[in-house]
Protein chains: 2
Amino acid sequence: MPRTIDHDERRQLIGEAVWRLVLREGVGAVSLRTVAAEAGLVLGSLRHSFPTKAELLAFAMRLAHERAAARVARHRRVRDPRRRAVAALRELLPLDDERTVEMHVHLALLAEGPRHQELTALADDAQEAIRALCLQCLTDLRDAGQIAADRHLGRETTTLHALLDGLALHAMRDPRLRRAATRALDDHLDALARPLP
Amino acid sequence: MPRTIDHDERRQLIGEAVWRLVLREGVGAVSLRTVAAEAGLVLGSLRHSFPTKAELLAFAMRLAHERAAARVARHRRVRDPRRRAVAALRELLPLDDERTVEMHVHLALLAEGPRHQELTALADDAQEAIRALCLQCLTDLRDAGQIAADRHLGRETTTLHALLDGLALHAMRDPRLRRAATRALDDHLDALARPLP
DNA sequence: TTGATGTTAGCACGATCGTGCTACTGTCCT
DNA sequence: AGGACAGTAGCACGATCGTGCTAACATCAA
């Protein structure tokens with residue numbers, strides 16, 4: 001049944017065409033016609049894979065989330081909790097072009113939220129998943145004795161999550177900040193090992 | 001010469017109409033016609049104040065930045081450095097609807113960046129200004145002995161800036177996080193007072 | 001009152017948009 | 001071989017877009 005596989009592959013190629021367009025020309029330049037041209041298709045062909053624009057945008061955002069989630073999951077088997085946490089969280093920082101474009105796509109499509117409300121729901125899910133990842137990392141670190149016992153995990157999750165997304169937001173727009181972002185993340189995890197007062 | 005004053009006031013009213021549209025329907029719904037309708041004007045009238053769409057978008061973003069900067073500046077005379085820092089930084093968290101809409105406008109128009117490159121420049125300026133504010137706050141706190149001397153101010157600025165924007169990003173989308181965001185900011189400043197190792 | 005000037009109102013044009021719909025093409029099942 | 005059908009290509013429609021341009025209007029100086 002190679003038909004359906006080709007179908008999915010094609011949809012991914014089209015989704016990546018949306019990404020390139022968002023990155024290069026902004027989300028305002030995304031139309032069914034421009035996406036078709038970017039993907040090397042004709043309008044009618046693209047509309048066979050994505051009958052409506054809403055489906056196309058939702059797929060493009062979901063694809064970015066899935067790619068990121070797959071990279072994060074790849075580090076699940078790392079033994080040391082600290083190394084595992086750093087490896088996972090770094091996948092959510094725009095440290096290379098692949099991660100940068102995912103970040104741009106996520107934010108750009110989020111800005112289209114009110115129009116296509118499915119995008120808002122997708123973004124909510126992704127945000128909640130990242131918060132859950134942060135909590136998991138902190139829980140593992142605490143269980144391994146690498147976080148002071150008097151830390152409030154919920155609050156630390158809020159802080160780590162915000163720090164992560166804030167670093168991503170800045171590094172996304174200035175690649176020179178990539179090193180600083182990774183260092184800031186490391187330093188923060190270091191600081192958690194020390195008792196509070 | 002009340003003419004020019006009315007002119008500026010009108011431009012601000014139009015800019016706020018852009019804000020409402022961005023918040024309610026998304027940046028994709030911003031056109032000269034929809035903005036004119038939102039502002040209670042006819043297309044021709046709006047185009048007298050803003051001949052092109054690029055000017056309108058740039059003004060709307062600049063207006064958001066200026067409003068925020070004015071609120072920040074209002075706390076300059078607070079004596080205690082810690083209180084001054086908290087007061088200033090809180091003006092950049094979406095703790096009420098006014099600050100929330102500014103945040104949304106900033107991010108939404110940033111997503112239009114590649115098309116209207118002036119928006120990118122404006123966002124860069126705003127981001128640099130916020131970083132400078134973070135550095136100023138940290139410098140003042142250190143001079144007042146409220147930051148451990150072994151802290152690296154540059155790195156702490158990166159972290160504070162990222163934490164601030166990350167908290168804003170999250171609280172913007174879920175008002176329930178407003179309290180958590182303010183607490184996280186307070187806690188972070190508290191933590192800076194303790195020595196590193 | 002009249003004329004100058006700045007504001008408001010509106011038309012028109014070419015371009016582009018999303019989408020419904022119809023043909024054409026190739027590939028696999030029977 | 002031939003029919004079924006998924007996939008490709010493309011037309012057409014109404015709507016909306018940004019913008020150049022002109023006409024009506026208000027306000028104040030002379």
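In the text below, chain A, chain B and the rest are named by the order of the sequence lines, each starting its count at 1.
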### Query
Taking 4.0 angstrom as the limit, do B:Arg71 and B:Glu102 come out as a salt bridge?
yes
## Note on the structure
Closest of D:dG18, D:dG10, C:dT8 to the B:Arg10 side chain is C:dT8
### Query
When you check the gap from the basic side-chain N to the acidic O, do B:Arg178 and B:Asp96 get nearer than 4.0 Å?
no
### Query
To the nearest angstrom, how far is A:Leu46 atom CG from D:dT8 atom P?
10 Å
### Query
From the list C:dG18, D:dG18, C:dA9, which nucleotide is the closest neighbour of the side chain of B:Leu32?
D:dG18
### Summary
B:Leu21 atom CG is separated from D:dC17 atom C1', nearest whole Å, by 14 Å
### Query
Quick one: B:Glu55 CD to D:dG18 P, roughly how many Å, whole number?
14 Å
### Salt bridge A:Glu38-A:Arg20, side-chain N to carboxylate O under 4.0 Å
yes
### Task
With heavy atoms under 4.0 Å as the rule, sort B:Ser49 into base, sugar-phosphate or nothing.
nothing
### Message
Nearest to the side chain of B:His48, heavy atoms from C-beta on, is which of C:dT7, D:dA9, D:dT8?
### Response
C:dT7
#### Entry: B:Gln136 vs B:Arg84, side-chain hydrogen bond (donor to acceptor under 3.5 Å, both in side chains): CA-CA, chis, key distance, verdict
CA-CA 11 Å; B:Gln136 184 65 53; B:Arg84 188 169 63 241; over 6 Å; no
#### Entry: Length of the line joining B:Arg115:CZ and D:dG18:P, which is rounded to integer Å
11 Å
### Query
If you check the A:Ser45 side chain, which of D:dA9, C:dT7, C:dT19 turns out closest?
D:dA9
### Query
If you count the non-hydrogen atoms of other residues, nucleotides and ligands that lie under 6.0 Å from CZ in A:Arg183, is the total more than 12?
no
### Query
What's the CZ-P distance between A:Phe50 and C:dT19, to the nearest Å?
13 Å
### Task
State whether the distance check finds a donor on one side and an acceptor on the other, under 3.5 Å, for side chain B:Arg47 versus base D:dG18.
no
### Nearest-angstrom distance from the residue atom CD of A:Glu25 to P of C:dT16
13 Å
#### Entry: Which nucleotide in C:dG10, C:dG18, D:dT8 has an atom nearest any side-chain atom of A:Lys53
C:dG18
### Task
Using a 4.0 Å heavy-atom cut-off across all strands, classify B:Leu43 as base, sugar-phosphate, or nothing.
base
### Query
To the nearest Å, how far apart are B:Arg33 CZ and D:dG20 C1'?
12 Å
